[in-house]
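Encoded as structure tokens, the structure appears first; notes follow it.
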Amino acid sequence: MELVFVILIGVLYAGGIFMLLRRSMVRLLIGIALLGNGANLLIFLLGGITKGKPPVIGDAARVFTDIYADPIPQALILTAIVISFGLQAFAIVLLKRVYVLVNSDDLDDLNTPEEEDI
Amino acid sequence: MTDIIIGILCTLGALTILIAAVGILRMPDFYLRLSVTVKAATLGGGLLLSAAAVYFTDEVSVTTKALAIIFFLILTGPVAAHLIGRTAYVIGTEQWKGTIRDDLTGMYHKDSTEPGSGENAEENGGHEVPPAS
Amino acid sequence: MTSNAVVLPFIVHLFTAILLLFFWRKTVAQRIISVMGSTLALTVAIGLFSSVWNDGILTMQAAGWAAPFGISFVADVFSSSMVLLTSFSGLAVAVYSATGISRGRMLFGYFPMFHFLLMGLNGAYLTGDIFNLYVWFEVIIIASFVLMSLGGRKAQIEGSVKYMAMNILASTFFLTGIGILYGITGSLNIADLSLKVGAMENRKLVDMTAIFFIVGFGIKSAVFPLYFWLPSSYHTPPSAVAAIFGGLLTKVGIYALFRIFTLIFVPDDFLSNLLIVLAVLTVLTGTFGAVIKNNIRRLLSYLIVCHIGFMVGGLGMYSEVALAGALFYLFHDMMVKTNIFLIAGLIRKLRGTMNMDKIGGLYAEYPLLSLLMAVVLFSLVGIPPLSGFWPKIYLFEAGFMDHHYALVAAIIIGSFATLYVIAKMWAKVFWKSQPEGIAGVEDGFRPMSNFRRSLLVGPIVFLAAITLFIGLGAEHIVTVVNHIVREMKDTSPYIQAVLEMHVSP
Amino acid sequence: MKSTILKTASSYLLPILLLFSIFILLRGHYLPGGGFVGGLIASIAFVLHSFTHDTEATLQLLRIHPRALIPVGLGVSALSMFVPFLGGLPVMTGLWFDEPVPVIGLIGSALVFDLGVYLVVIGVVLTVLFTISQYSE
Amino acid sequence: MTLSGYIDYVILPILGLSLLLTFVRLFKGPNIVDRVIALDLLITVGVSVITVYSISTQESTFIDVGMILALIAFLGTIAFSYYLEKRGRK
Amino acid sequence: MLIAVLSGLLFSLLYIPFGKYLKGRLAVVAALLPIGLFAYFCSFIPAVSAGNAQVFQYPWIPSMGVNLDFRLDGLSLLFSLLITGIGSLIFLYASAYLKGHPYLGRFYAYLCLFMAAMLGVVLSDNVLLLFVFWELTSISSFFLIGFNNDDAASRKNSLMALAVTGGGGFLLMGGLVLMGHLSGTYSIREMFASNEFLKAHALYPLILALVFMGAFTKSAQFPFHFWLPGAMKAPTPVSAYLHSATMVKAGIYLLARLYPVLGGTDWWTYPLIVVGGITMLYSAFHSIFRTDLKGILAYSTISALGILVFLIGIGTTQALLAAAVFILVHALYKASLFLTTGVIDHETGTRDVTKLSGLRLVLMPLAVAGLLAGLSSAGLPYTFGFIGKDLIYEATLNTGGAMPVILTSLAVITNILLLYAGLLAGLKPFTGSLPSSFADIHLPHWLMWTPPVLLALLGIAFGAFPALADTALLNPAAAAMINESIDSPLKIWHGFNLVLLLSGTTLVLGAVLYLMRKPSAASVTWMARFDHISPKHIMGRTVQYAAKSAAVYTKTLHNGYLRVYLLCIILFAIGLLAFRLFTGGPVQWTINELGPVTSYELIVAGILIGAMYLTVTTPSRLAAIAAIGVIGYCICLLFVFYSAPDLAMTQFTIDTLTVVLFVLVLFKLPPFLNFANRSVRIRDGVVATCFGAIISLIAIQVLNEPTDKTVSQYYGDNAYLLAKGKNVVNVILVDFRGMDTMFEIVVLSIAAIGVYSLLKLRLRASDKD
Amino acid sequence: MAKQFLMNLLLAFIWVALTGALYYSNFLFGFGVGFFLMWVMNRGGTDDRYFTRVPKVIGFFLYFVYEMVKANIQVAYDVITPKYFMKPGIVKYPMNAKTDFEINMLSTVISLTPGTLIIDVSEDRKVLYIHVMYLRDKEQFIRQIKDGFERRLLEVIR
Ligand code: NA
Ligand code: NA
């Protein structure tokens, strides 16, 4: 399965980058989301993946008796997911403001010429 | 013995879900797809969750959860279906050419998403012909 | 040595910010709390610096888990100096904000954001854990997004979008780098990573990991060709915000570069040359931009880029002298850039614009204020004996020592351009008489009460005094800087302090 | 959205989801869950409510503006992090009551910390969503 | 064949196939509402997959994930309806 | 000695608050400082001429080797006396010249600063300390030249002066640091020891190039001379001070000072002779095409500076002695001429030499001063100028090889032209008939006419009695340049020889030229025709071109298109990663240990890829959002399969919320843009694919490395025993790595508050910040 | 009625406590035993609604499952065979259900049986609009629902 993960990660990064390079801000935000997912999956994979053994100590046990998945990447990803949610929420609202200002989500409308500086 | 019960429940559930999946793919219009999938998925999911409830009888909480999920599915599935179905109708999603009756035609005012009262509906009468949109 | 005090610099800001959130919509209380919080933070920072200076590296293992199992916080001379300088800037900007920020912004969380930002900066300096550093960086960028866009004017939003997109991309690179690092070492503690990465046999993989950090931190510190967000955005927010951004934000990227590239990835030829090439291009790019800009803050934005090149170049050369020069420049730059953006804000207060063609006559009208500003401006240029001069000696020396003539040339060009641009600005803004008939230009400063004026000018004086100290008392700075360079060149005390074990150098 | 069916359904769902969210919060230390997911579920409950009624109604139901919930949650977490400091221990050190409390289990600073997380998440999600939906209206 | 084997080699593939078919509908559309219900079904099937997987691995913790999915999937559909109706009314 | 330098700085500071009291007569008080300092330096004459250099040392930044090391030897003393002596007169003169000027206090502040900086330059025994003061002279002269800052030309010229001298300054700094680095010390005195090493070093030419650039720019050598005539925009006392004795001579001083360390090689000699020669000739020639008195003086000053560089280039003892003498000669007569010009300008309101005549009738004492200074510059016997000229010819004649002929003829031509210029400035305004418009002019305040007279008289005095200065001042000065003692008294009369012949020729030809040629506006216009090939214009155009290029560069690179910026960043990353990936070692393409693949996992992966395809290609925003929803759910399923229930829960809830957020925000957005044409999409697709492929390859490399699991093992072992939790992930989140979580919720909070403020805050126009 | 239900629950809990085994099956068994005992003790009593209601609930549930399975098979057949047998349409259905809860239950039940789906409720809450897959005759369909689900459902919940 590692190889499948490797491919998926590549696809997520590639898709994210492609969307990042679009002119529409919605696509840009989607690109950001995709990259975030890619990075999470990368951490997940590189930390080592284990199937069907969540890092939860059994009811009666006090320590693990069996192998278990590495909990650290999971904790890291959890943090990263939540953080990127915060960033994305803000970014999405920024999109809203952009729309109110320029009436489109075209990033090329966001180039006020320097002469208008105050 | 339990294993066999579980096996049967699983098989039935999986097949039901497969039918839902085939249904959503095959049905000719949105309303039919919706109609097929909501219940088949609920039934299929319910069967599989029952299997889990049986499997984990030793862990009370798990069985409770399995039952709770069934409950949620039953509670939310139809509501969601109703909403999206109505929305689809409001925004004018096409019906299959084989549709034979549409009592909702003209029920939505321009500025409202609720159909007029039943009395008004009576006056307007039903339409045998599907709306072309 | 273990000490709980290590975490205080950011804890103070955390609680200040939370307290400020409880005083939502009470602007007077917010101003007072903010200034008090910043003062407390400065006190704590001074205390931390002096105890680190006297007693050596201090560590704190969060929740009591020994490194590398928990998150370590480490105060060495480098980090505690950064904390100290940040606190200076922080206090100055807090006071300046009291009148420099409009009430509208204060009603919508300006001060809490400001303290969250400072908290993030302090956390980033003090953490000894690479993933925790990521979290701090995220605190910093989200707080800066908010500060940058707060108010929602069109230019601000435009700047924010670009700023946001590129900074999030930077975070992605950073996070990817962390994932790889964990994948090859199984650890996140920087001291532990230092040992483990150092022992890695697959140097190619190490280099590639390093590239992710170069790109990630490079974007944050605005290195060519990753700098684009900076000139796109720094001219948009309120001046107090721009001051913190200009003075501190890119510098935390530089700090991270120095940390990571002295502790985890020690530059080999490939990385070293790469950094130097980037530095040269950064300086030149900043120079070209600064020369042609006519808006004070746009011009200053390019100067930031230009001067980032000096520091990155110093890191790239990696000799002791070079590091010392880069660090000295870093310290100088933090103070001066903060101040210079405050000054830009004051100019805007005085004239209602930052377009140099529309401003004039400040020298005739406000001679003392102008001279005060001149001191800062010429410190920025590095007119000896002001603060920007001394580090260049080290940088030149290092450049000659290792034959990096292109870098030396770039620094000369950059310095010259800075001189020219600042002198031009002086001539236009201060000497030239106020052009007639410019619409919408009004003096917002004169009608103020003396108290409010002093809140604007006081911080500038305060920072200018620190700058003068850095310049005239350069010996002190040099001592500190050389101490830091020793820390960087021999990391075993750091590792030993964090891992509480003996490490042979 | 005006829908009788949805409205009725959501009035059952709100308490169920809230109950569930507390359940998820409390057991986080032993089984999957915790403050984050708990908070997310709780906020989803309110979001659902706001979809069916309107934002104002949900705000009334909440009594406190979600934005004001943020500093409360942050304060709870920050204090649970900081209290050990006052006792000379490293920040974040887990402090536990010796005896487990029935139903909830062991009570310690970790749980308080998670509670803060829970509150913050609710405050955050609701602030974001309500602000947006009020803006569109 | 053990129960676990039966699930792994028969039930899960069937469910996987269902996922795939549902996704095809999502991919094809043609209307956004079709995509929305496909998404909803995808999640419901996902709940089933998770349930069955938890039986196969004898890990009851996964059921909790299924529970959250079942509870929340609803929200997405409602949001889409909300949006589409508002836009439709415009 | 530190006090001597610092007092200027101190007074300069004091003038900021107290300057406004310096009005009217009181202004004379300001001159007390330079007078006092002059006296102070005079007191060192006996000791220094006896060969005892005065040394003062005080540590400043010992770690960098920068210390307050001052050293007063002959050269420094000569300059110090010039600086303070002429300074005294300038201070006095200015008190009358700028009487009633509103910014007189400010003027004195700059002047004091400048004087202190100049003293610092000539007294420093540490190259870096010298450089500190060097730059201070640039800055303070910037303020002085731009003193009349309402005038656009004044601003422009001061900026130009600063740009040229400042730019040279940075190069000089490079040279000085390099010198210091190679010789291991920044002390000039200690560098003497390593002069052989330096001269033999491969970097010696670089040092010279850098130092020369500093000196040439400061001392207005061709082709950097053009800032100096521009600097004449300054008030006349400033011009007199800066261009006679001080600022422009700093470069000369530097060359002289470093001669013992760097001088005497071919690398030293030829550049200086060539540059000095061109400068002296070029400017002398230029000076005769001016009609503005100050212009004439400016060009003749440049020419004189050229002569000095030329002499230092020749570098023989004679040449250096000649240089020392000429420094003094030039300072005296040029200051006098400038001050005279100042009075003329002040009284008549014009400096146009074609309009000025007959002023002797109204400004008699100045006519005397002008005459004497003019004669001194002409080098008439019994003037100090005569001695100077003699020495120059002697020096040029005594160089070896074919050089003497060329060099001497250069010197002669230059001197002829300079003579003409001197007469034009000193004589022309006073001779002839007085125009009626000047009839009611009367002599100004005595403080304005005594200084030029005094300076001119000094010129005569030294000329008549060279012993006044030779052993006391000039020999020690030259000695300092060659770092050996000299005892060579100056003589008025050398007997009939070639030198005398040359002097005579110079005099005669110069006089003839003066009598034959009348300055006219026409000649100025004629000269202006060559402006476009003048260095000033070439440099101006270069600067313009550079600015234009900078603008093009900046606009091209920083073009406002976010996607281009992002593309740059990504291409950069791809380039670096690919370079490192494919160089220096094998790339692994397969993973050693692979877990099994099951059908349902493959299906989930397939759906993910399909959803990605949909996201990327769909023209509908909502479809794209539904598709990223699917991607999130697929990842959620993968998390379930691979033992991460917590992650799956969070991923799912957050994914749903994100979809909800998107959906809420998308209201009213216009149709999805798809402006990019096919080729752009292909380009981006290729870039994106490359990036994805590189990430995948790196992942494979990492998977082939063994992973250390100590830390996660520790967590697993202690989660329950020490941290009392069984869900290890949650224990990590709230305990082991709780600090991450603490600040992660801060991130969330900030985002929420940001959203709130972004949408609710409406700034009013009155909200200015 | 509620009192009786609570009593029954209490008896079930006591049973669980007595046997000391907290299993679902055990709880259900306890509930059944309790119900039987209460029924026995209440024989001849006036208020026997509780004892009829419980069988009705069970009956409704079985009816529902039966209908669902039946209709599911019908739909499944249609789905997996190539030809479409459907005659879909949207039917206006006047309901007897009054309260929100009743309407909700009714619509849930209708929606969950294959072939029918609630699209909307009229503003005055008197009419349901039902999408029907196999609509042969409108009146027959309405009668079928009225006598089937709606009657049984209202019996259970009213
Ligand atoms: Na069929
Ligand atoms: Na149905």
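These values consider heavy atoms only, across backbone and side chains, with no hydrogens, waters or symmetry-generated copies. Every chain is numbered from 1, with letters handed out A, B, ... down the list of sequences.
- Interface remark: of the candidates F:Val702, F:Ile654, F:Thr650, F:Asn730, F:Ile654 forms the most heavy-atom pairs closer than 4.5 Å to chain A.
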Exercise answer: donor-acceptor pairs, residues 562-574 of chain F side-chain atoms, under 3.5 Å, sequence neighbours excluded:
unit_1, atom_1, unit_2, atom_2, d
F:Arg563, NH1, A:Asp108, OD1, 2.6
F:Arg563, NH1, A:Asp108, OD2, 3.3
F:Arg563, NH2, A:Asp108, OD2, 3.0
F:Tyr565, OH, F:Asn559, N, 3.4
F:Tyr565, OH, F:Gly560, N, 2.6

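- Both the backbone and the side chain of F:Leu594 come within less than 4.5 Å of a heavy atom of chain A.
- For A:Ala61, the part sitting under 4.5 Å from any heavy atom of chain F is the backbone (N, CA, C, O) and nothing else.
- Counting heavy-atom neighbours within 6.0 Å of F:Lys760 NZ, excluding the residue itself, gives a total above 12.
- Here F:Leu661 is the residue among F:Leu661, F:Val711, F:Ile625, F:Leu602 with the most heavy-atom pairs under 4.5 Å with chain A.
- Two rings, from F:Tyr642 and A:Phe5, have their centers less than 6.0 Å apart.
- For F:Val616, the parts sitting under 4.5 Å from any heavy atom of chain A are the backbone and the side chain alike.
- Contacts with chain A were tallied for F:Asp655, F:Thr741, F:Thr658, F:Thr707; F:Thr658 has the most, counting heavy-atom pairs under 4.5 Å.
- Contacts between A:Leu34 and chain F at a heavy-atom distance below 4.5 Å involve the side chain alone, from C-beta outward.
- Both the backbone and the side chain of A:Leu12 come within contact range of chain F, judged by heavy atoms closer than 4.5 Å.
- The existence of a salt bridge linking F:Arg621 and A:Asp105 is confirmed by a sub-4.0 Å separation between a basic side-chain nitrogen and an acidic carboxylate oxygen.
- At a 4.5 Å heavy-atom cutoff, the contact between F:Ile628 and chain A is made by side-chain atoms alone.
- Looking at A:Leu8, only its side chain comes within 4.5 Å of chain F, counting heavy atoms on both sides.
- In plain terms, the two heavy atoms of A:Ile57 and F:Gly716 that are nearest each other are CD1-O, 4.2 Å.
- The most heavy-atom pairs under 4.5 Å with chain F, out of A:Asp59, A:Ile83, A:Leu20, A:Leu28, come from A:Ile83.
- For A:Arg62, the CZ atom sits in a loose shell: 12 or fewer heavy atoms of surrounding residues, nucleotides or ligands are nearer than 6.0 Å.
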Side chain to side chain contact (heavy atoms under 4.5 Å, CB included) between A:Met1 and F:Leu638: does it pass, once the steps are laid out? CA-CA 11 Å; A:Met1 190 60 193; F:Leu638 291 176; 4.0 Å; yes
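- If you tally non-hydrogen atom pairs under 4.5 Å between each of A:Leu29, A:Ile9, A:Asp70 and chain F, the highest count goes to A:Asp70.
- Interface residue A:Leu41: only side-chain heavy atoms are found under 4.5 Å from chain F.
- Of all the listed residues (A:Ile7, A:Leu110, A:Thr50), the one sharing the greatest number of non-hydrogen pairs under 4.5 Å with chain F is A:Thr50.
- Between F:Glu601 and F:Thr598, the side chains place a donor N or O and an acceptor N or O closer than 3.5 Å (distance only, hydrogens not considered).
- Interface remark: of the candidates A:Thr79, A:Leu3, A:Leu94, A:Thr79 forms the most heavy-atom pairs closer than 4.5 Å to chain F.
- Between chain A and the residues F:Gly685, F:Gly595, F:Ala752, the most heavy-atom pairs under 4.5 angstrom are made by F:Gly595.
- With a threshold of 4.5 angstrom between heavy atoms, A:Leu42 approaches chain F through side-chain atoms but not through N, CA, C or O.
- With chain F as partner, the option from A:Leu21, A:Val63, A:Val56 having the largest number of non-hydrogen pairs under 4.5 angstrom is A:Leu21.
- The two residues F:Glu744 and A:Leu78 come nearest to each other via the heavy atoms OE2-O, 3.9 Å.
- With a threshold of 4.5 angstrom between heavy atoms, A:Gln74 approaches chain F through its backbone and through its side chain.
- Looking at F:Glu705, there are no atoms closer than 4.5 Å to chain A (heavy atoms on both sides), in backbone or side chain.
- Inspection of the A:Asn37 and F:Gln651 side chains reveals an N or O donor paired with an N or O acceptor under 3.5 Å.
- Between chain A and the residues F:Leu733, F:Val597, F:Val747, F:Leu758, the largest count of heavy-atom pairs under 4.5 Å involves F:Leu758.
- In this structure, the portion of A:Val4 lying under 4.5 Å from any heavy atom of chain F is its side chain and not its backbone.
- Using a 4.0 Å cut-off between charged side-chain N and carboxylate O, F:Asp740 and F:Arg737 make a salt bridge.
- The residue among A:Gly16, A:Pro55, A:Gly86 with the most heavy atom pairs within less than 4.5 Å of chain F is A:Pro55.
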Report the C-alpha distance between F:Asn727 and F:Asp646 in whole Å, list the side-chain angles of each, state the deciding distance to 0.1 Å, and finish with yes or no for side chain to side chain donor-acceptor pair (under 3.5 Å). CA-CA 9 Å; F:Asn727 177 5; F:Asp646 284 280; 3.1 Å; yes
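- Cation-pi contact between A:Lys53 and A:Tyr68: absent, since separation from the ring centre below 6.0 Å together with deviation from the ring axis within 45° is not met.
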